[in-house]
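Working notes for the structure below.
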Amino acid sequence: MSSESESQLQLFNTLSGTVEPLVPVGAPALRMYACGPTVYDYGHIGNFRTFLHVDVLRRFLKQQGVPVQHVMNITDVDDKIIRNAASAGKSIEDYSAKFEQAFFEDMEWLGIERPEHLPRATDSIPEMVALIQKLAEKDTAYQIEDGSWYFRIANFPEYGKLAKKDLEGLEDGARVDNDEHEKDAARDFALWKAVKGDERHWETPLGPGRPGWHIECSAMARKYLGESFDLHAGGEDLMFPHHENEIAQSESATGHTFARHWMHVRFLLVEGRKMSKSDNNFYTLRDLLLKGYRASAIRFLLISVPYRHQLNFTFDGLIESTNAIDRLRTFHQRMLKGGFAAGLNPEIAAATAKARAGYTASLANDLNTAEARAAIFDLVRAANSAADAGTLQSENVTEILSVLTLFDGVFAVLTDNDAAITREAIAWAEREDRMDEVATNLVEKLAFSDADIDALVAERTQAKKSRNFARADAIRNDLLAKGILLEDGKDGVRWKRQ
RNA sequence: GCACCGAUGGCGAAGUGGCUAACGCGCUGGUCUGCAAAACCAGUAUUCAUGGGUUCAAAUCCCAUUCGGUGCUCCA
């Protein structure tokens, strides 16, 4: 079996219900569209689990030599934004701009790469109008008395093919909520919502109003990726009706297959239960940073469970991830430090090759991040063991560092930006007057500068030299109380923040 | 209520017909150390929600039950 077939990405396709190769068609780059955030509030960890897994996908594709054209929309007009902006006394633009900005900052903190295109819904109104007009020409869009436009599902026999829904059953079940509009059929969904009162609206050939929820993705995907493209991704809840409706609109308008491949990321649980505000287990990224958890640990935890499996997000899990990352970083530093004899230990070379192959094959197998992680930890143990025994050689280290770089190209946790990110989060809390949410001691711990630490470490080294262990231990304990852990090695003292 | 998905050690979790059930964290003991830390070694599920069935062989397939999640309505 060739290495090519091993590293060819196989991804589950919701549309076909099977695992299939994901390959770009008709263009060198893989064209993908992922539903982005509705910027009405700060992003929560459930949102980010989805965006992180899409990030894993795009990073792995690039690593395999497949360039990506990735579009992620920013939904900056919807009922919640209109409602929240009104109660805040702001325009929807001002209101959503703040959360859009915060979202980009969150993405950066979590190491999520920027998609090639990040269009706002409100910047694509003409494209949405054009799409609806195209549907109207085919009598697949129709206007009701209040001026709103609806999609005629009866004209799209394939409706339900993504979510595997039986159309007949759906219509029966949903008849109850068909009492407020004069829609032709209960399931018909809004393409364009006529203006109500003095809310924000756009003057268009369709009449004054604002877009329905689904049309923006159809319009923006078409605008940036064309009528047919390779992959569409999103959270599992979006499969129906959102993605089903996108397919209906797009394929009715163009007559072509919309997206060939569909990826859906499973929801997470928090402490074993569904995350919800009323259950008090609802967390934004910022909530967790202010509690003192590291951004890298949040990323690692959210991507460590493969995207098609439910992840149980717990605080114990965050500690676990923190410790696991520490093990990786400590190992990485040990390899970087060098000092190994020249040459190549064939046993370790074999273990390194096995880890590289295992890592790639695992991710190629429907993005099995858990297995990819395991392949790397196997290498960590083998190499640490050889290093302890004095049998690790410099050429092995070069190879090992190359595998770690590969791993980090997707997992992105080896570089320690955690303290800097937490400082930024605290600065945000200060601006927002939310300092009461910052964990006790967190500010104090971070205020302790590297120079302060180095000075105390030097003093302790002197104390040790004069065999004043009481003083040395006192310094070490003081630092530990401030969250700084010292490690005495053969070649000096290392410290790290906990 | 209907449909679909899931249940693996103290915790997280991989594995979906056949080698001693990965890997991480935790815990216990040991090596190293002035003591720690890091690292390494050993131990830590005779067993995969429960009950039945299929098979030479099941955590993996089938049926039932219990529990959890998602969709059917706004939601990553």
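Every chain is numbered from 1 and lettered A, B, ... according to where its sequence line falls, protein lines coming before strand lines. Both backbone and side-chain heavy atoms feed into the values below; hydrogens, waters and symmetry mates do not.
- A perpendicular orientation is assigned to the rings of His214(A) and Phe189(A), their planes being inclined by more than 60° (bins at 30° and 60°).
- If you check every strand for non-hydrogen atoms under 4.0 Å, Pro37(A) touches nothing.
- Secondary structure note: stems in RNA chain B built from 3 or more consecutive Watson-Crick or G-U wobble pairs under 3.5 Å occupy B:1-7 with B:66-72, B:10-12 with B:23-25, B:26-31 with B:39-44, B:49-53 with B:61-65.
- By the 4.0 Å N-to-carboxylate-O rule, Lys482(A) lies too far from Asp452(A) to be salt-bridged with it.
- Taking the C1' atoms as reference points, U65(B) lies 16 Å from G6(B), given to the whole Å.
- Relative ring orientation between Phe151(A) and Phe156(A) is described as perpendicular, the plane-to-plane angle rising above 60° on a 0-90° scale split at 30° and 60°.
- Distance from the side chain of Ala370(A) is smallest to A14(B) among A14(B), C23(B), G69(B).
- Using a 4.0 Å heavy-atom cutoff across all strands shown, Asn368(A) reaches sugar-phosphate atoms only and no base atom.
- Arg308(A) forms a cation-pi arrangement with Phe12(A), by the criterion of a distance under 6.0 Å to the ring centre and an angle within 45° of the ring axis.
- A heavy atom closer than 4.0 Å to some atom of RNA chain B occurs in Lys464(A), Phe469(A), Asp473(A), these being the qualifying members of residues 462-474 of chain A.
- Spacing between G12(B) and C27(B) at atom C1', rounded to whole Å, works out to 15 Å.
- Looking at which nucleotide of RNA chain B each of Arg476(A) and Ser321(A) is closest to, the 5′-most match is held by Ser321(A).
- Residue pairs that meet the salt bridge (charged side-chain N to carboxylate O under 4.0 Å, His left out) test with at least one member in residues 235-247 of chain A, sequence neighbours left out, are Glu236(A)-Arg266(A).
- Atom P of nucleotide A36(B) and atom CG of Leu479(A) are separated by 19 Å, given to the nearest angstrom.
- Using cut-offs of 30° and 60° on the angle between ring planes, the pair Tyr224(A) and His117(A) is tilted.
- Between Tyr159(A) and Phe240(A), the two ring planes are perpendicular [angle over 60°; tilted spans 30° to 60°].
- A donor-acceptor pair is defined here as one N or O able to donate and one able to accept, closer than 3.5 Å; such a pair exists between the side chain of Thr398(A) and the backbone of Ser394(A).
- A45(B) and C11(B) have their C1' atoms separated by 13 Å, given to the nearest Å.
- In summary, of the residues considered (Asp478(A), Asp473(A), Asp488(A)), a side chain to side chain donor-acceptor pair (under 3.5 Å) with Arg460(A) occurs for Asp488(A) alone.
- Residue Arg381(A) places at least one side-chain N or O closer than 4.0 Å to OP1 or OP2 of C23(B).
- Taking the charged nitrogens against the carboxylate oxygens, Lys193(A) and Asp78(A) have no contact shorter than 4.0 Å, which rules out a salt bridge.
- Of the listed nucleotides (C40(B), G69(B), A38(B)), A38(B) has the atom at the smallest distance from the side chain of Thr330(A).
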Detail all sub-3.5 Å separations between protein N/O atoms and N/O atoms belonging to nucleotides 7-12 of chain B.
none

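- Comparing A38(B), U70(B), A39(B) against the side chain of Asp388(A) picks out A39(B) as the nearest.
- Remark: Asp184(A) engages Arg152(A) in a salt bridge, criterion side-chain N to carboxylate O under 4.0 Å.
- In this pair, Tyr359(A) and Phe60(A) present their aromatic rings perpendicular. The plane angle is above 60°, beyond the 30 to 60° band.
- Partners of Asp378(A) under the side chain to side chain donor-acceptor pair (under 3.5 Å) rule, at least two apart in sequence or in another chain, are Arg381(A).
- For Asn384(A) against C41(B), a side-chain-to-base donor-acceptor contact under 3.5 Å is absent.
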Enumerate all atom pairs, one protein N or O and one N or O from nucleotides 2-5 of chain B, separated by less than 3.5 Å.
residue: C5(B); atom: O2'; partner: Arg266(A); partner atom: NH1; Å: 3.3
residue: C5(B); atom: O2; partner: Arg266(A); partner atom: NH2; Å: 3.4

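- Distance CZ (Phe267(A)) to P (C75(B)): 10 Å, rounded to an integer number of Å.
- The side chain of Phe377(A) approaches C23(B) more closely than any other nucleotide in the set A36(B), C23(B), A76(B).
- Comparing C5(B) with G9(B), their P atoms sit 23 Å apart, to the nearest whole Å.
- Between Asn323(A) and G26(B) there is a side-chain N or O to OP1 or OP2 distance below 4.0 Å.
- Between Arg460(A) and Ile45(A), it is Arg460(A) whose nearest contact on RNA chain B lies nearer the 5' terminus.
- Contacts of Leu486(A) with the nucleic acid, taken as non-hydrogen atoms under 4.0 Å apart, include base atoms.
- Contacts of Leu268(A) with the nucleic acid, taken as non-hydrogen atoms under 4.0 Å apart, include base atoms.
- Taking atom CD of residue Glu487(A) and atom P of nucleotide C40(B), one finds them 13 Å apart after rounding to whole Å.
- Going from the C1' atom of U60(B) to that of G53(B) covers 15 Å, rounded to whole Å.
- Among the atoms of the strands shown, none is found under 4.0 Å from any heavy atom of Asp326(A).
- Side chain of Arg327(A), nearest nucleotide from C25(B), U70(B), A38(B): C25(B).
- G17(B) and C56(B) have their C1' atoms separated by 12 Å, given to the nearest Å.
- Checked for salt-bridge contact, Lys496(A) and Glu487(A) meet the test: a charged N lies under 4.0 Å from a carboxylate O.
- Between U55(B) and U47(B), the two P atoms lie 24 Å apart (nearest whole Å).
- As judged by a 4.0 angstrom heavy-atom cut-off over every strand, His264(A) is placed among residues making no nucleic acid contact.
- Comparing C41(B) with A22(B), their P atoms are spaced 15 Å from each other, to the whole Å.
- The separation between Tyr33(A) atom OH and A76(B) atom P is 13 Å, rounded to whole Å.
- Between Phe300(A) and Phe411(A), the ring planes lie perpendicular to each other; the angle is over 60°, past the 30° to 60° tilted range.
- For A37(B), the OP1/OP2 oxygens have no side-chain nitrogen or oxygen of Trp495(A) closer than 4.0 Å.
- Side-chain to base pairing of Arg49(A) with A76(B): no donor and acceptor N or O lie closer than 3.5 Å to each other.
- The backbone N or O of Leu11(A) sits less than 3.5 Å from a side-chain atom of His261(A), completing a donor-acceptor pair.
- Regarding His309(A), its NE2 atom lies at a distance of 10 Å from the P atom of A13(B), rounded to whole Å.
- A salt bridge links Asp79(A) with Arg210(A); the closest basic N to acidic carboxylate O contact falls under 4.0 Å.
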